[in-house]
Every structure is written in structure tokens, then in C-alpha cells.
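Note sheet for the following structure.
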Amino acid sequence: SALASRQARQPSRSPPPARDLQEIRAAMALRQVTLASLCFASAAASGHAEGRPGGHSDCDSSDCQEPWPRSLRGKAPTSPATTPLGGGAWQRWEGAGITYHGPAYDVDVYCPASDDKPIGNACWRLDNDPDFKTDVLAPYCARADLIAFGHPADVECGECTEIRVQRLDGAYNTITVMTTDNPGSGGVTSSPELSTAGKEHLTQGTGKQLNDRLPFEWRKVS
């Protein structure tokens, strides 16, 4: 028949070369990354981010994953990730390793910065500084990298330290911590502490458990 004749004249299709398949897979992977970035930026722009009253994250699909756990951030960033400035040389902490304090140091306790979220603890004087929350705390809460609160080293209230813990594979888990309790001027920090979520992050890949103190290095950053 005519249909059978046309089908016989059509060339058979061979599978694409392996190189083309690799290019297709790479393009699909790039599309997923692009979708995640666009969705995360949309969540930040629309205000549907953690830390906003009644807010929620728009990143709920498998193509749209936020870059860091919400418990380690104050809110979704509105600008690209920033690198800590003024970092000095790394120093190894010689005392007890770092541990966690519990809910009192959670990011949500301080972020987003507002008058109804006091600093309290041994750094309560920061609540009397009219510029601290707008000029220091608010930008800190808006950072895109991992943040936490506590007292990991001998620095003053409102100052920040970058903490790193070496993993079994030789790489490091890092996080930036703002001191909101037990400042260095109050005496020796005998028990370095941060939020539970921050400690969970630092413990990953170390072979230790949440309750184990971790040896760490630190440096003051701005």
C-alpha cells in the first residue's frame, strides 16, 4: 500500500551518540540549578521567607531547594552570599571543644531584628544601643551564608567569629557566630557554645555525635 511504501522509504533513526547524551544530561542539570536559583530569589523578593511574620518558603518542589537549612539563617537573602571581611589568622582553641546551648541561641530568637526580640543574656546592653539592630544585627540576619549565635570565643558582644571544624575527609565545616552572651571581657570562655543547629552542622562528617565537644579553630571576622 502507499502507507507501507512511505514507511519503507523513511530512514531508520539511530540513537544519539554518547557525547550528545552527555550534553543533554548536562543541560538538564543546569536547568534544575537555574530553577532553584530563580525560585529562591523569588521567595526572598516576595517576603515568603523564614523570619517574616506568617511567612513561608516558596521553595517546596524538588526543583527548588534552599541552599542552607532554615535554622541556620535568619531569613532568605536578598543579595548574593557575602564573604566575611577582616578575617585574621586561624587560631586553635586550646580549651574545651565547642558544644551547643539549646533553643535560647536559635537564629529565630534574634532574627529578623526587631524591638520585640531582645538580645538579653550577658549582652543585654546591646538592647540599649539604638543603632545595633539596624546597623549590625539586621544585615547579619540577612546574610546568605551560615550564621549562628552564642559565645564560641573570647570576643565582645555583637562581634563575630568564624568557626571551623575539620572533618574526617580533611575538609572543614564552617559557620559564622555572633557573640550574644558571655563576652570575652566578662572572663575566660570555659565552655564555647552556639545554637543546636549550628552544632549539628559542625558535627557532620567528623565521626562524632551532637553531644560530643568538637575541637575547633576560630578567627575574628566583620
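- Heavy-atom minimum distance, Pro152 versus Ile98: CB-CD1, 3.9 Å.
- Within the 4.5 Å cutoff, the side chain of Leu194 has heavy atoms near those of the Lys199 side chain.
- Residues Arg219 and Val221 meet the side-chain proximity criterion, which asks for heavy atoms closer than 4.5 Å.
- The line from CG of Leu214 to CD of Gln166 is 12.0 Å long, rounded to the nearest 0.5 Å.
- Contact check for Thr161 versus Thr176: no side-chain heavy atoms found under the 4.5 Å cut-off.
- Evaluation of the disulfide (SG to SG under 2.5 Å) rule for Cys157 yields Cys123 as partners, not counting sequence neighbours.
- Counting only heavy atoms from C-beta outward, the side chains of Leu202 and Ile175 approach each other to under 4.5 Å.
- The shortest distance between side-chain heavy atoms of Ser191 and Thr99 falls below 4.5 Å.
- Here Trp124 is tied to no hydrophobic group at all, with no ILVMFWY side chain closer than 4.5 Å.
- Taking the six-membered ring where the residue is Trp, Trp218 and Trp93 present perpendicular rings, their angle passing 60° and hence far from 30°.
- The side-chain heavy atoms of Glu159 and Lys220, taken from C-beta on, include a pair separated by under 4.5 Å.
- The local environment of CD in Gln209 is sparse, with at most 12 non-hydrogen atoms from other residues, nucleotides or ligands closer than 6.0 Å.
- Ring to ring, Tyr105 and His151 are close: their centroids are under 6.0 angstrom apart.
- Contact of the Tyr110 side chain with the Lys117 side chain is not registered, since no non-hydrogen atoms from C-beta on lie closer than 4.5 Å.
- Here the closest non-hydrogen pair linking Ala113 and Cys141 is N-SG, 4.2 Å.
- Ile147 and Leu126 fall within a single hydrophobic cluster, where Ile, Leu, Val, Met, Phe, Trp and Tyr are joined by side-chain heavy atoms under 4.5 Å apart, directly or via other members.
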For this session: Take Thr179 and Glu156 through the test side-chain contact (heavy atoms from CB on, under 4.5 Å) and record every step on the way to the result.
Result: CA-CA 7 Å; Thr179 294; Glu156 298 308 307; over 6 Å; no
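- When side chains are defined from C-beta on, Asp181 does not count as touching Phe149, because their heavy atoms never get closer than 4.5 Å.
- Residues meeting the salt bridge (charged side-chain N to carboxylate O under 4.0 Å, His left out) test with Asp169, sequence neighbours left out: Arg167.
- Of all heavy-atom pairs spanning Met178 and Tyr140, the tightest one is N-OH, 3.2 Å.
- The hydrophobic cluster containing Tyr100 does not contain Phe216, counting ILVMFWY residues as joined when their side-chain heavy atoms lie under 4.5 angstrom apart, directly or transitively.
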For this session: Show the numbers, then the answer: is there a side-chain contact (heavy atoms from CB on, under 4.5 Å) between Asp127 and Lys133?
Result: CA-CA 8 Å; Asp127 291 316; Lys133 288 187 176 179; 3.7 Å; yes
